[in-house]
Asker: 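Supplied in C-alpha cells, the structure appears directly below.
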Amino acid sequence: MAEQNAKIRVLIADDHSLFRNGLRKILELENDIAVCGEAKNGKEVVEKVNLLKPDVVLLDINMPLLSGVDATKEIKQKYDEVKIVILTIHADEEYLFETVKGGASGFLLKDVETPTLLQAIREVSEGKSFIHPSITPKLLGEFNRLATKSKDTGTEVTDYELTTREKEILELMAKGYTNKKISKNLYISEKTVKNHVSNVLRKLDVSDRTQAVVTAVKLGLVDIE
C-alpha cells in the first residue's frame with residue numbers, strides 16, 4: 001500500500017500498446033497516481049513487479065506467455081502487498097472466480113468509466129476490494145454454487161448472529177445495490193441502511209462491502225439467484 005501522501009504507483013500490464021498508452025494518459029492526469037511502468041506479457045509483468053515494486057497492477061486477463069490468472073497467483077505468492085486489479089473484455093465467471101481466489105483485489109470490464117477505474121485503484125491501494133456492480137452477481141453466483149455444494153456435504157454454517165434485516169440487506173448488497181437503492185427497496189432511511197451495513201461488516205469481521213457479500217455467499221448466509 002502506498003504511504004500516506006505518497007502517489008499510488010501503478011504498473012500497467014496489457015498486450016495492446018494502444019490500450020496501455022490510453023491508460024497511461026488517463027492516470028497521468030491524476031495528482032495522486034503515478035505510472036511506474038508497463039508490461040506487454042504475463043512473464044514481463046511478474047518481472048516488472050519484482051523490479052519496480054508497484055502499489056497496484058492493472059492486469060489484462062488474456063496475456064501472452066503467462067495468463068493473467070497465473071500471473072496474479074505468482075505475484076501474490078511473492079509480493080502479497082501488491083494489489084491487482086483485473087481488466088478484461090470478458091465477464092467470464094471462471095476467470096473472475098480464479099483471479100479472486102488467486103488474490104486479485106479488483107475486477108473491471110475494459111469499457112469501465114474513468115471515474116470508476118480511478119475509484120478502484122484508490123480503494124484497492126487502501127486494502128479494500130473493488131468489483132464493479134455489474135460483475136458482482138456473477139462472482140457471488142459462483143460462490144453460492146460452491147456454498148450449496150458445501151452444505152450438501154453436511155458442513156455446518158453459523159449465522160454470525162445476523163438479524164433478519166441484516167440478512168435482507170446482505171442479499172441486496174450481493175446484487176450490487178447501493179445504499180440508496182437498498183433504502184428505497186426496504187422503505188428505510190439511508191442512514192439506517194448505513195448503520196446495518198456497518199453492523200454486518202463488524203459481525204463478519206471484514207472491511208468492505210465486497211468482502212462482506214463474498215464471505216456471506218461463500219458461507220451460505222445468503223442466496224443469489
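The basis for the numbers below is simple: all heavy atoms, side chains too, and nothing from hydrogens, waters or symmetry mates.
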Asker: Closest heavy-atom contact between Lys40 and Arg20?
Answerer: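 So the minimum-distance heavy-atom pair works out to CB-NH1, 3.6 Å.
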Asker: Sort and list the pairs that fulfil salt bridge (charged side-chain N to carboxylate O under 4.0 Å, His left out) and have at least one residue in residues 186-200, not counting sequence neighbours.
Answerer: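 Salt bridge (charged side-chain N to carboxylate O under 4.0 Å, His left out) check on residues 186-200 returns no pairs.
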Asker: About how many Å separate CG of Asn41 and CG of Asp60, when rounded to the nearest 0.5 Å?
Answerer: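 Those atoms lie 11.5 Å apart.
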Asker: Is any side-chain heavy atom of Phe130 less than 4.5 Å from a side-chain heavy atom of Thr116?
Answerer: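 Counting from C-beta outward, Phe130 and Thr116 do come under 4.5 Å.
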Asker: With Lys110, which of Leu87, Leu117, Thr88, Ile61 fulfils side chain to side chain contact (heavy atoms under 4.5 Å, CB included)?
Answerer: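 Option passing the side chain to side chain contact (heavy atoms under 4.5 Å, CB included) with Lys110: Leu87.
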Asker: Run the salt bridge (charged side-chain N to carboxylate O under 4.0 Å, His left out) test against Lys43 and tell me which residues pass, sequence neighbours left out.
Answerer: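 Counting only residues at least two positions away or on another chain, Lys43 forms no salt bridge (charged side-chain N to carboxylate O under 4.0 Å, His left out).
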Asker: For residues 180-187, which side-chain N or O atoms pair as donor and acceptor with protein atoms under 3.5 Å away, sequence neighbours left out?
Answerer:
unit_1	atom_1	unit_2	atom_2	d
Ser183	OG	Ile188	O	2.3

Asker: Rounded to the nearest 0.5 Å, what separation is found between the OG1 atom of Thr163 and the CD atom of Glu161?
Answerer: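 Here the rounded value is 11.0 Å.
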Asker: Donor-acceptor pair, distance only, cut-off 3.5 Å: does the side chain of Asp15 make one with the backbone of Met63?
Answerer: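 No, because the side chain of Asp15 does not come within donor-acceptor range (under 3.5 Å) of the backbone of Met63.
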Asker: Can you name the nearest heavy-atom pair linking Val56 to Ser125, along with the distance?
Answerer: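 Taking every non-hydrogen atom into account, CG2-CB, 4.0 Å.
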Asker: If every non-hydrogen atom of Gly68 is compared with every non-hydrogen atom of Leu59, which pair is closest and at what distance?
Answerer: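 Of all heavy-atom pairs spanning Gly68 and Leu59, the closest is O-CD2, 3.6 Å.
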Asker: Can you check side chain to side chain contact (heavy atoms under 4.5 Å, CB included) on Ile75 and Val46, steps first, answer last?
Answerer: CA-CA 6 Å; Ile75 290 169; Val46 175; 4.1 Å; yes
Asker: Looking at every non-hydrogen atom in both residues, tell me the closest pair between Gly37 and Leu52 and how far apart they are.
Answerer: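 Minimum heavy-atom separation between Gly37 and Leu52: CA-CD1, 3.9 Å.
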Asker: Excluding sequence neighbours, so at least two apart, what forms side-chain hydrogen bond (donor to acceptor under 3.5 Å, both in side chains) with Ser189?
Answerer: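 For Ser189, the residues satisfying side-chain hydrogen bond (donor to acceptor under 3.5 Å, both in side chains) (neighbours in sequence not counted) are Thr192.
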Asker: Could you tell me which residues satisfy side-chain contact (heavy atoms from CB on, under 4.5 Å) with Ala39, sequence neighbours excluded, listed by chain and number?
Answerer: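 Residues passing side-chain contact (heavy atoms from CB on, under 4.5 Å) with Ala39: Ala13, Glu44, Val45, Lys48.
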Asker: Sub-3.5 Å donor-acceptor pair from the side chain of Arg24 to the main-chain atoms of Ile12, do we have one?
Answerer: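 Here the side-chain-to-backbone pair does not exist.
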Asker: Could you pull out all residues at least two apart from Asp80 that satisfy salt bridge (charged side-chain N to carboxylate O under 4.0 Å, His left out)?
Answerer: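 Only Lys76 meet the salt bridge (charged side-chain N to carboxylate O under 4.0 Å, His left out) criterion with Asp80.
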Asker: Is there a chain of hydrophobic side chains (I, L, V, M, F, W, Y, each step under 4.5 Å between heavy atoms) that links Leu51 to Val57?
Answerer: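 Yes, Leu51 connects to Val57 through the hydrophobic network.
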Asker: I'd like to check the side-chain hydrogen bond (donor to acceptor under 3.5 Å, both in side chains) partners of Glu47; sequence neighbours left out, ordered by chain and number.
Answerer: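 By the side-chain hydrogen bond (donor to acceptor under 3.5 Å, both in side chains) rule, Glu47 matches no residue at all.
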Asker: Rounded to the nearest 0.5 Å, what separation is found between the CG atom of Asn62 and the CD1 atom of Ile89?
Answerer: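 These two atoms lie 6.5 Å from each other.
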Asker: Applying side-chain hydrogen bond (donor to acceptor under 3.5 Å, both in side chains), name anything that partners Asp70, two or more places apart in sequence or on another chain.
Answerer: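 Testing Asp70 for side-chain hydrogen bond (donor to acceptor under 3.5 Å, both in side chains), a comparison that skips the adjacent residues, returns Ser67.
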Asker: So do the side chains of Ile169 and Glu166 get within less than 4.5 Å of each other, counting heavy atoms only?
Answerer: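 No, their side chains stay 4.5 Å or more apart.
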Asker: Using side-chain contact (heavy atoms from CB on, under 4.5 Å) as the criterion, list what pairs up with Asn21, not counting sequence neighbours.
Answerer: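 Once residues adjacent in sequence are excluded, the partners of Asn21 under the side-chain contact (heavy atoms from CB on, under 4.5 Å) criterion are Glu38.
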Asker: Is the shortest distance from a Lys or Arg side-chain nitrogen in Glu171 or Lys167 to a carboxylate oxygen in the other one below 4.0 Å?
Answerer: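 A salt bridge is absent here (no side-chain N lies under 4.0 Å from a carboxylate O).
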Asker: Apply side chain to side chain contact (heavy atoms under 4.5 Å, CB included) to the pair Val10 and Leu23, showing each step before the final yes or no.
Answerer: CA-CA 10 Å; Val10 176; Leu23 280 180; over 6 Å; no
Asker: With sequence neighbours left out, what residues match Glu30 under side-chain contact (heavy atoms from CB on, under 4.5 Å)?
Answerer: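 Here the qualifying residues are Asp32, Ile33, Leu118, Arg122.
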Asker: Taking only residues two or more places apart in sequence, or in another chain, which ones meet Gln77 in a side-chain contact (heavy atoms from CB on, under 4.5 Å)?
Answerer: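 side-chain contact (heavy atoms from CB on, under 4.5 Å) list for Gln77, sorted by chain: empty.
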Asker: Quick check for you: to the nearest 0.5 Å, what is the distance between Gln119 atom CD and Lys128 atom NZ?
Answerer: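 These two atoms lie 9.0 Å from each other.
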Asker: Excluding sequence neighbours, so at least two apart, what forms side-chain hydrogen bond (donor to acceptor under 3.5 Å, both in side chains) with Lys53?
Answerer: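 Result, side-chain hydrogen bond (donor to acceptor under 3.5 Å, both in side chains) vs Lys53: none returned.
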Asker: Might you work through the side chain to side chain contact (heavy atoms under 4.5 Å, CB included) test for Lys203 and Leu162, ending with a clear yes or no?
Answerer: CA-CA 7 Å; Lys203 289 181 179 181; Leu162 295 175; 3.8 Å; yes
